[in-house]
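This structure is in C-alpha cells; I'll ask about it shortly.
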Amino acid sequence: MSNELELKKCLREAFAKRGLNLSDSDIVIERSKESSHGDYSTNAAMKCAKMAHCNPRELACYLQQNLQSDLIDHIEIAGPGFVNFFMKKGALQGIIGTILANPDTYGRSPSNGKKIDVEFVSANPTGNLHLGHTRIAVVGDVISNLLDWAGYDVTREYYLNDCGNQVEHLGHSLRGRYHELFGEPCELDADDYHGTDIIEIAKQLKEEKGDSLLADNQETHDFFIEYGIKAELAKIKRDLDEFRVHFDVLTKESDIRKGNAIENTIKELSPHIYEKDGAYYLKTSDYLDDKDRPIIKSNGQYTYFMPDICYHYNKMSRGFDLLIDVLGADHHGYINRMKSALMMKGYPADSLEVELVQVVRTFRDGVEVKMSKRTGQAITHRELVAECGVDAVRYLFAERSQSSHLDFNYNLAMQQSSENPVFYAQYAHARCCSVLSLGQDIPLDPSGTGLDSEVESALLKQLACFPSAICSAAEERAPHKMAAYIHKTAELVHEFYAKARIIDRNNISLTSSRLALIKASEIVLKNALSLLGVSAPSKM
RNA sequence: GUCGCUGUAGCUCAGUGGAUAGAGCGACCGCCUCCUAAGCGGUAGGCCGGAGGUUCGAAUCCUCUCAGCGACGCCA
C-alpha cells in the first residue's frame with residue numbers, strides 16, 4: 001500500500017473513533033512542498049472542525065495523539081491546523097523494488113471493468129489535416145492513454161463522414177480538376193474544394209484511369225466521390241500514423257445509414273418531432289437545448305445532426321459506460337443538442353462527455369502566422385510535424401490545458417536545443433540510461449538503503465505518486481497534468497544527478513542503491529513519456 | 001443580445017478552498033582536472049483584470065463589472 005493510502009486509512013480510523021465517518025475522497029493527503037512541513041500533510045482537521053464541533057487546532061491535537069502507524073515517525077501541528085506527517089526512515093524506499101519488479105506496467109491501475117469510447121479527430125475526408133486536428137489528436141490520444149492506464153477499457157474511434165454535401169463537393173471538385181487536366185475549363189462552385197491537394201489526386205487518377213472518366217454519368221459521379229474519399233482518407237491515416245495516433249475502430253456514416261437505421265430512429269423519436277415550414281424539427285428544447293433543431297430539411301435531406309444521432313445511439317448500443325467526444329471549441333453548441341437526443345432514448349445526460357479543444361495560433365518571430373509561406377494556404381498538420389518533429393509537437397501541444405487557447409511558438413519548437421522543453425525531459429531519461437550503462441557491472445540494490453538526502457526523498461516520493469498522478473490526470477481529462485508530472489520528475493532527476501555523485505567505486509553499497517533509484521526514475525520517465533506519445537531516447 | 005473559453009512575472013502558461021502564488025522562455029550572476037553543462041545553483045521581475053460577498057482561510061467558490069477570442073445556419 002502506498003504511503004498516501006496508509007495515512008488515509010489511519011485518519012479515517014481516528015475520525016471514526018470520534019464518531020465521524022469520512023470517505024477516502026473526503027480526506028486529502030498532500031506531499032509537503034517544504035521539508036519543515038514533513039513528508040505529507042493534511043488539512044483534514046480544518047475541514048472537519050465544524051463537523052466535530054471544535055476548533056481546528058484542537059482537532060489536530062486529537063489526531064496527533066490518536067494516529068497509529070508504523071510508518072509515522074512523528075506528527076507536528078502547524079499554522080491554523082495543518083497536520084504534518086514526518087515518516088520513518090525507510091517508509092519511502094520500498095517503492096524502488098516495486099518499480100524494478102514491474103518496469104512495463106508500473107503506473108497502471110488494475111482494470112475497473114468500465115468501457116469508454118473516445119472519438120476524436122474524425123476529420124472529413126475532404127482535405128488535409130490542419131492544426132486544430134493536431135491538437136485534438138494529441139488531446140484525444142493522450143486522454144485515451146491515461147484512461148487506459150487508469151484501468152478503463154478504452155476504444156479509440158474515428159467517425160468518417162462519407163455521405164452528404166461535403167463529399168458531393170469533393171467529388172465535384174475532383175471531377176473539375178480531372179477535366180482540367182484534359183484542357184477543359186475547371187468548373188468549381190464556391191462550396192467546392194479549391195485546394196491544390198485535389199489537383200494531386202486528379203493527376204493520380206489520370207495516371208490510373210486515363211481519359212475513361214470524362215463522360216458525365218451516375219457511374220463517373222459516384223466514382224469521383226469514392227476515389228476522392230479513399231485518397232483523402234489514405235492521406236489522413238498516413239499523417240496520423242506518422243504522428244503515432246492509431247484508432248481501434250473506424251465507423252463510416254454510410255454504414256450507420258444502412259438498413260434504414262435513420263428512418264427507424266426517426267420513427268422511434270416521432271413523439272419528439274414536429275413539422276414546420278416543410279422541415280422537421282427535434283424538440284431538443286424539452287431537455288437541455290435552448291432551441292429545437294432541424295433534422296430533415298425542407299428539400300427532404302437530413303441535416304448532419306440526424307445521422308450523428310444514429311451514430312451516438314450506435315455507440316451506446318455497443319455497451320460503453322461513457323462516450324467521450326473530443327471536438328473543436330466551435331462545437332460547444334452541439335453538446336446539449338446531442339445530450340438531449342441521447343436522453344430521448346433514455347440514456348442519462350452524463351453518458352456523453354464532450355471535451356472541447358480551443359484554437360491554435362502559430363507564431364514565428366513573435367508574429368502570428370496564419371498561412372503557410374510555401375502554399376499560401378492554412379498551415380497543415382503535415383507541414384508542422386515535418387518542420388518541428390513528432391516529439392516536440394506532441395509534447396508542446398500536450399503541455400497546455402485544452403481549455404485554453406494555444407499559442408504555438410515555431411521558433412521554440414523547431415529548436416533542437418535546451419530551450420525546447422521536450423528535450424529537458426528526454427535528456428533526463430538519456431542521462432539515467434547513460435549512468436546505468438556506465439555502472440552496468442554493479443548490481444542494483446532496490447532496498448533503498450542509504451537514500452535519505454532531501455533530493456533522494458523528494459525523488460522517491462515523486463516516483464511513488466506516479467500511479468495516482470495518472471489517475472487524477474485521467475479523471476480530469478487533463479493531459480497537461482501528465483506533462484507537468486514529467487517536468488517535475490525530470491527536474492528532480494537532474495537535481496539528484498547534479499548533487500550526488502551516483503557512481504562511486506569506493507562506495508559500492510551506496511552506488512547500488514543510487515543506481516537502483518536511477519533505474520526506477522528511468523522507468524517512470526519512459527512510461528510517463530509514452531503516455532504523451534513522446535519517445536524516450538537512451539542517448540542524446 | 002444569449003451561451004462558452006480566457007484574463008496570474010517582460011512573453012507563453014501551470015496553479016480551481018490551504019502554509020512564503022510556480023514553471024518554461026527572455027534578462028543578469030556563479031558552477032565542468034570528476035558519471036552527458038541539452039545540466040545545476042542564485043538574482044531580478046506579481047495590487048493573480050476590477051469591485052463586492054461567502055469563511056478559520058479566496059488566484060481558486062458566488063454576484064456584479066471590464067477586456068480578448070469563439071459559437072449562436074433548413075452548414076458539417
Side-chain angles (χ1 to χ4, degrees), chain A residues 28 30 32-34 36-37 41-43 46-47 49-50 55-57 78-82 84 122 124 126 161 164-167 169 191 253 276-281 290-291 293-305 307-308 328-336 356-359 361 363 366 396 399-409 411-412 415-428 430-439 476 478 480-481 483-484 487-488 490-491 493-505 511 514-515 518 539-540:
Chain A
V28 178
E30 281 192 320
S32 306
K33 287 170 201 151
E34 251 184 81
S36 66
H37 296 153
S41 68
T42 182
N43 59 5
M46 294 178 288
K47 270 260 150 56
K50 220 171 232 175
N55 78 48
R57 282 197 71 105
F82 287 102
N84 294 333
S122 298
N124 288 331
T126 54
N161 292 103
N165 264 339
Q166 302 201 61
V167 295
H169 286 299
D191 291 338
E253 183 180 342
K276 192 181 124 192
D277 304 330
Y280 289 84
Y281 285 74
D290 52 1
K291 54 177 148 177
R293 306 291 169 174
I295 51 170
I296 305 175
K297 305 180 208 173
S298 50
N299 67 9
Q301 286 186 335
Y302 300 121
T303 64
Y304 86 98
F305 185 39
D308 241 22
D330 52 341
H331 285 71
H332 88 85
Y334 168 99
I335 302 173
N336 285 336
L356 293 181
V357 179
Q358 288 291 335
V359 296
R361 295 186 303 173
F363 287 80
L396 291 168
E399 203 188 15
R400 300 283 170 244
S401 157
Q402 61 265 26
S403 67
S404 64
H405 303 224
L406 174 70
D407 285 352
F408 185 84
N409 184 340
N411 306 68
L412 183 61
Q415 273 171 34
Q416 305 279 310
S417 81
S418 60
E419 288 161 25
N420 189 337
V422 64
F423 287 96
Y424 186 78
Q426 291 182 317
Y427 183 48
R431 260 189 161 167
C432 291
C433 293
S434 165
V435 175
L436 286 164
S437 145
L438 286 167
E476 294 172 51
H480 71 281
K481 297 216 162 170
H487 185 270
K488 183 71 191 167
E491 186 177 61
V493 166
H494 285 309
E495 192 186 336
F496 175 43
Y497 179 91
K499 283 190 178 160
R501 174 100 202 148
I502 291 157
I503 297 179
D504 179 356
R505 299 265 168 198
T511 298
R514 286 182 165 166
L515 281 174
I518 284 289
K539 254 187 192 167
M540 286 176 74

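So that the names make sense, note that chain A is the first sequence line, chain B the second, and so on, each numbered from 1.
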Return the pairing partner of B:C34 with a 3.5 Å limit on both distances, Watson-Crick or G-U wobble; otherwise return none.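 Pair assignment: B:C34 / none.
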
Got a donor-acceptor pair under 3.5 Å from the side chain of A:Asp191 to the base of B:A76?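 Per atom types, no contact qualifies.
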
Interatomic distance where CD1 belongs to A:Ile502 and P belongs to B:G39 [whole Å]: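 In whole Å, B:G39 P and A:Ile502 CD1 are 16 Å from each other.
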
Need the pair for B:A71. Rule: Watson-Crick or G-U wobble, both distances under 3.5 Å, any strand; none if unpaired.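 Per the H-bond distance test, B:U2.
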
Please determine whether a side-chain nitrogen or oxygen atom of A:Ser434 lies at a distance below 4.0 Å from atom OP1 or OP2 of B:C35.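 Negative; the distance criterion is not met.
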
Paired with B:G22 by Watson-Crick or G-U wobble geometry, both distances under 3.5 Å: which nucleotide is it?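 Across all strands, the one nucleotide that pairs with B:G22 is B:C13.
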
Please check if any side-chain donor atom of A:His405 sits under 3.5 Å from a side-chain acceptor atom of A:Arg361, or the reverse.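 Absent: no donor and acceptor within the cut-off.
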
Select from A:Ala78 and A:Gly278 the residue whose nearest nucleotide in RNA chain B is closer to the 5' end of that strand.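 Of the two residues, A:Ala78 wins.
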
From C-beta outward on A:Arg501, which listed nucleotide comes closest to its side chain: B:G18, B:G15, B:C35?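 Minimum distance to the A:Arg501 side chain belongs to B:C35.
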
So which nucleotide does B:U43 pair with, by the Watson-Crick or G-U wobble rule with both distances under 3.5 Å?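 In the structure as shown, B:U43 has B:A27 as its Watson-Crick or wobble partner.
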
To the side chain of A:Ser403, which of B:G4, B:C13, B:U6 is closest?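 So the nucleotide nearest the side chain must be B:U6.
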
Want to settle it: does A:Arg293 or A:His480 sit nearer the 5' end of RNA chain B, counting the closest nucleotide to each?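 Closest to the 5' end, via its nearest nucleotide, is A:His480.
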
